[in-house]
Each structure stands twice: as structure tokens, then as C-alpha cells.
Amino acid sequence: YEGLVKELKESIKNFSSLLPDYPLILQPATGFFEPPFEEMIDYQSLALEYHPNVKLLPRLQIIYNLL
């Protein structure tokens, strides 16, 4: 988990330095590593420490049982 957080921080810093005016959109992965929504909220909070515009796009097809 710590390695993932460190990698996430570095990726966000890189994104923010390259595209400071663009929103950063986080969406959970499908398959083996699919974090719970609560964990995604934590990732969004972490990302907001490094970038001012972070959106969380939940997988609505899963929430509404469309798949």
C-alpha cells in the first residue's frame, strides 16, 4: 500500500507540473485491483494535496448493476 501511495504522489506531481489547468480524473480499475469506493475517496483527498482540481469518477455501471 505504501508503495502505491508513493507512486500515486509522484504521478500526481508530474501531472500537475505538466498540466496544471486540467482536471485530474480518478476512476477505479476493473479486475484484480479494484479498490472500494471509500478508498478512492482517500486517493482523491491525497491527490488534492498536490493538484487543485481532482474529480472522482465512480464506475456507475457497477453501482447500478448494469454489468
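Hydrogens, waters and symmetry mates are skipped; everything else that's a heavy atom, side chains included, is used. As the structure is a computational prediction, the values presented were derived from the model and not from experiment.
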Heavy atoms of other groups near Glu7 CD, more than 12 under 6.0 Å: no

Measure from the side-chain N and O atoms of Ser17 to the backbone N and O of Asn14, and report whether any donor-acceptor pair falls under 3.5 Å. yes

Should Leu8 and Leu57 be counted in the same cluster of Ile, Leu, Val, Met, Phe, Trp and Tyr side chains packed under 4.5 Å apart? no

Taking every heavy atom of Pro52 against every heavy atom of Pro20, the minimum-distance pair comes out as CG-O, 4.5 Å

Can you see which heavy atom on Leu56 is nearest to which on Gln44, and at what distance? N-NE2, 3.7 Å

Verify, without hydrogens or angle tests, whether Ser16 (side chain) and His51 (backbone) share a donor-acceptor contact under 3.5 angstrom. no

Between Tyr50 and Phe15, does a side-chain contact (heavy atoms from CB on, under 4.5 Å) hold up when you go through it step by step? CA-CA 9 Å; Tyr50 301 97; Phe15 178 88; over 6 Å; no

How many angstroms lie between atom CG of Asn53 and atom CG of Leu19, to the nearest 0.5 angstrom? 12.0 Å

When rounded to the nearest 0.5 angstrom, what is the spacing between CG in Leu24 and NZ in Lys55? 10.5 Å

Check Met40 against Gln27 and note the closest heavy-atom contact, atom names and distance. CE-C, 4.0 Å

Nearest 0.5 Å please: distance from the CG atom of Leu18 over to the NZ atom of Lys13. 14.0 Å

Interatomic spacing from OH in Tyr43 to CG in Leu4 - rounded to 0.5 Å: 4.5 Å

